[in-house]
Amino acid sequence: SGVRSNEDMAERQTARQTVELGDVQRTLFFPLAARARETRKKRPLLRDLKAVEIVESVDFELAPIAPGPTALVVTLRTLIMDWWVRQFLAGHPGGTVIELGTGLNTRFERTDNGTAHWIDLDLPDTIELRRRFFADTERRQMLAASLLDEDWLPAAEQRPGPYFFVADGVLAYLREEDVTGMLARIAGRFPGAMIAFDTVTRASTGQELKMAAKRDVAPWQWACDDPRSLERLGLRLIESVPVTRPPAGLRAELPARYRYLLPLGDPIFGKRGLSLNLFQAG
Ligand SMILES: C[S@@+](CC[C@H](N)C(=O)[O-])C[C@H]1O[C@@H](n2cnc3c(N)ncnc32)[C@H](O)[C@@H]1O
């Protein structure tokens with residue numbers, strides 16, 4: 001049924017005391033919890049102390065993702081998107097990163113170079129929650145908006161280019177025509193911008209539907225078997241990888257056990273059908 005109307009969301013919020021977020025918004029706790037858990041490991045792949053702090057202070061009633069493949073997929077997805085953002089900022093230290101559907105993501109904390117500009121965009125109730133843990137600065141700003149609307153585009157345009165848009169674990173929850181409309185709009189308004197997001201395959205959505213029902217969160221709505229097909233929207237596909245095949249530079253930084261074992265995980269992770277894609281507009 002797509003993104004819920006505000007009225008609909010308000011109704012749910014009064015119905016639930018402990019979790020004051022809409023069904024799609026509540027999915028933000030899964031990646032947050034996965035990154036917090038990874039951080040607590042003896043030899044973690046990423047350190048996200050802010051995620052640990054938030055997880056310890058928010059009271060949410062969701063069955064967390066069990067340790068295992070799903071949590072590792074989230075960690076790897078984070079590492080790969082972080083890697084692309086770092087590459088971008090290395091080339092454009094004063095550019096702007098726009099995190100679409102940011103949830104309680106701490107990518108800025110993980111990748112900031114001291115000069116980058118940053119926009120964290122999400123729906124109003126998520127941003128309200130986010131403001132409990134993050135503050136705006138001169139270089140960094142939170143925006144309460146739907147990524148499907150146009151009203152936030154001027155705020156991005158006011159920041160210095162070039163631009164890097166990232167939507168991490170977000171677009172699968174939206175309707176196909178909404179996603180393609182948004183991508184075409186960004187491609188048209190920000191020529192040359194980089195856009196990174198994950199896609200899930202049609203085959204992988206059945207399993208996910210069951211999990212979503214079990215956890216009472218929004219199910220996926222958009223599957224895309226061939227990211228290249230999105231080039232028709234005015235985008236060029238630069239790189240597309242499964243989480244088991246991180247970009248070469250990142251793979252070289254991973255602990256040896258992951259470097260060698262990850263490709264062997266293809267049969268398990270492959271079923272999850274997640275691709276991480278990096279596009280350039282125009
Ligand atoms: C699975 S969470 C991912 C959060 C974050 N990207 C991360 O990796 O931790 C999905 C996020 O998308 C946001 N979202 C869903 N629909 C949206 C929309 N139309 N506009 C902006 N954000 C949206 C939700 O509020 C939620 O924070």
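Throughout, residue positions are numbered sequentially from 1 according to the sequence presented. A quick note: this is a predicted structure, and the numbers were derived from the prediction, not measured. Read the numbers this way: they start at 1 and go in the same order the structure lists the ligands and their atoms.
Ligand 1 has Leu123 within reach: a non-hydrogen atom of the residue lies less than 4.0 Å from it. By the 4.0 Å heavy-atom criterion, Arg26 is excluded from the residues contacting ligand 1. Leu174 counts as a contact of ligand 1, since one of its heavy atoms falls under 4.0 Å from the ligand. Contact analysis puts Ala145 in contact with ligand 1, with a non-hydrogen atom separation below 4.0 angstrom.
For the residues Thr27, Ile127, Asp168, the heavy atom positioned nearest atom 3 (C) of ligand 1 is part of Asp168. Nearest-heavy-atom check against atom 6 (N) of ligand 1 across Ala51, Ala167, Gly101, Pro31 picks out Gly101. For atom 14 (N) of ligand 1, the choice among Leu28, Asp122, Leu100 with the nearest heavy atom turns out to be Asp122.
The shortest N or O to N or O distance between Leu147 and ligand 1 is under 3.5 Å. For ligand 1, the polar-atom distance check finds an N/O of Asn105 within less than 3.5 Å of one of the ligand's N/O atoms. Any N or O atom pair closer than 3.5 Å counts here, and Arg35 shares at least one such pair with ligand 1.
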Show me the donor-acceptor pairs, under 3.5 Å and distance only, between side chains in residues 275-282 and residues at least two apart or in other chains.
from   : atom 1 : to     : atom 2 : distance (Å)
Asn277 : OD1    : Ser240 : OG     : 2.7
Asn277 : ND2    : Phe197 : O      : 3.2
Asn277 : ND2    : Thr199 : OG1    : 2.9
Gln280 : OE1    : Arg236 : NH2    : 3.2
Gln280 : NE2    : Gly192 : O      : 2.8

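Once rounded to the nearest 0.5 Å, the distance linking OG1 of Thr126 with CG of Asp120 reads 11.5 Å. From Thr106, atom OG1 reaches atom CZ of Arg130 across 8.0 Å, with rounding to the nearest 0.5 Å.
Two residues are said to be in side-chain contact when any heavy atoms from C-beta on lie closer than 4.5 Å; Leu21 and Leu28 meet this criterion. Under the 4.5 Å side-chain criterion, counting only non-hydrogen atoms from C-beta, Asp168 is in contact with Glu99.
Salt bridge absent: Arg107 and Asp112 never bring a charged side-chain N and a carboxylate O closer than 4.0 Å.
A ring pair (Phe, Tyr, Trp, His ring centres under 6.0 Å) check over residues 83-104, counting only residues at least two apart or in different chains, returns the pairs Phe88-His92, Phe88-Phe164.
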